[in-house]
Number of protein chains: 2
Amino acid sequence: MEIEPIKECSQTILAIHDVMDLFKGKWKMSIIACLCYKKMRYSELLREVKGISGRMLSKELKELEMNELITRNVLNTQPVAVEYEITEYGATLKNLTKTIAKWGLNHRRRIIGK
Amino acid sequence: MEIEPIKECSQTILAIHDVMDLFKGKWKMSIIACLCYKKMRYSELLREVKGISGRMLSKELKELEMNELITRNVLNTQPVAVEYEITEYGATLKNLTKTIAKWGLNHRRRIIGK
DNA sequence: AGTCGTAAGTTACTAAAAGTAACATGTATG
DNA sequence: CATACATGTTACTTTTAGTAACTTACGACT
């Protein structure tokens, strides 16, 4: 008799795997959280997402845009400014980022407390 | 005048970054979700976490153990069985895994629906 | 006019992480 | 004795992340 995975669990694992794959790398979730807060320009994101490099930021932004989680708007100002904004769909992640941040804050306290 | 990052946002970003760093790689969150469901043996995890290799599984398990999110118990059966179990602290991630899974399920529907 | 600074990236290169396939060791089963 | 299963490890390759320097265009300062 062949052993089968647990269905109830498999569904969940699959869903989690999808999410982890979509947000792979350490930066994407932070970028999303930033843009959930307000729309920002490239240079603002470089400042807010501490430690990220230009190369990584533009790579991550491209991927997020491809997944329709953010939009890139070139403003016709002189000189051009580029604004990144969360999409309606991207905004559905707000609750998720909050949950992560909440656990993270608690974890940080726990680690520091040691 | 120097431009400063937004404090409210920075705290959140920092916390999220901590979490993403702790769970980097695509497997850890899935493993946690599995073990939140029930304690499992190495071979069970290999089956449940579809696509993971032995090398990756043991690496990830070691890291999760180091972070006190899971425990490794060698049972004195013949032949030895190894059981991985979520810790009390690890179990605080249950809500997070649920939130991720929920979004992931919805996302999967959206992608397939296209 | 020349230099510096800012914005929004890109390029070339290096380092780290993930993935693959085969091997090891002990036990149990036909 | 040959085969299979459990629990990994080792050696090797591929992919991803990270770093530092460069680019292009404009604006401000001297």
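Naming: A, B, ... by sequence-line order, numbering from 1 per chain.
- For the pair B:S43 and D:dT7, the criterion of a side-chain N or O lying under 4.0 Å from OP1 or OP2 is met.
- In this structure, B:K26 does not reach the C:dA18 phosphate: none of its side-chain N or O atoms is under 4.0 Å from OP1 or OP2.
- Note on A:R41: a side-chain N or O is less than 4.0 Å away from OP1 or OP2 of C:dA8.
- Summarising the geometry, the separation between NZ on A:K59 and C1' on C:dT10 is reported as 14 Å, rounded to the nearest angstrom.
- With D:dG8, D:dA11, C:dT27 as the candidates, the nucleotide lying closest to the side chain of B:R55 is D:dA11.
- Put simply, CG on A:L61 is 11 Å from C1' on C:dA8, counting in whole angstrom units.
- In this structure, the side chain of A:N67 engages the main chain of A:E63 through a donor-acceptor pair within 3.5 Å.
- Separating the CE atom of B:M20 from the C1' atom of D:dA17 is a distance of 15 Å, rounded to the nearest angstrom.
- Residues B:S58 and B:Y42 have side chains in contact (heavy-atom distance under 4.5 Å, counting atoms from C-beta outward).
- At least one side-chain heavy atom of A:M20 sits less than 4.5 Å from a side-chain heavy atom of A:I16.
- Among D:dG8, C:dG9, C:dA28, the nucleotide with an atom closest to any side-chain atom of B:P79 is C:dA28.
- In this model, the phosphate group of D:dA17 is not approached by any side-chain N or O of A:W27 to a distance below 4.0 Å at OP1 or OP2.
- Between B:L46 atom CG and D:dT9 atom P there is a gap of 12 Å when expressed in whole angstrom units.
- Nearest-nucleotide positions on DNA chain D place A:G54 closer to the 5' end than the other of A:V80 and A:G54.
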Worked check of salt bridge (charged side-chain N to carboxylate O under 4.0 Å, His left out) between A:R72 and A:E65: CA-CA 7 Å; A:R72 178 178 183 273; A:E65 204 193 346; 5.3 Å; no
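- Remark: A:Y42 is not in phosphate contact with C:dT10, judged by side-chain N or O atoms under 4.0 Å from OP1 or OP2.
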Salt bridge (charged side-chain N to carboxylate O under 4.0 Å, His left out) between B:K39 and B:E83, worked out: CA-CA 7 Å; B:K39 55 180 151 179; B:E83 212 168 60; 3.7 Å; yes
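- The side chain of A:S58 places no N or O atom within less than 4.0 Å of a non-bridging phosphate oxygen (OP1 or OP2) of C:dG9.
- Applying the 4.0 Å criterion to OP1 and OP2 of C:dT6, one finds that A:R47 has every side-chain N and O outside that range.
- Counting to the nearest Å, the C1' atom of D:dT7 and the CD1 atom of B:I52 are 14 Å from each other.
- Taking atom CD on B:Q78 and atom P on C:dT25, their separation rounds to 18 Å, with Å as the unit.
- Considering only side-chain N and O atoms, B:Y84 lies under 4.0 angstrom from the phosphate OP1 or OP2 of D:dG8.
- Going from atom CD of B:E83 over to atom P of D:dT7 covers 10 Å, rounded to whole Å.
- For A:K62, a side-chain nitrogen or oxygen approaches OP1 or OP2 of C:dT10 to under 4.0 Å.
- The shortest distance between the side-chain N/O atoms of A:K24 and the OP1/OP2 oxygens of D:dT15 is not below 4.0 Å.
- Regarding B:L57, its CG atom lies at a distance of 14 Å from the C1' atom of C:dG19, rounded to whole Å.
- Checked options A:V49, A:I86, A:L69; the residue passing with A:I31 is A:V49 (criterion: side chain to side chain contact (heavy atoms under 4.5 Å, CB included)).
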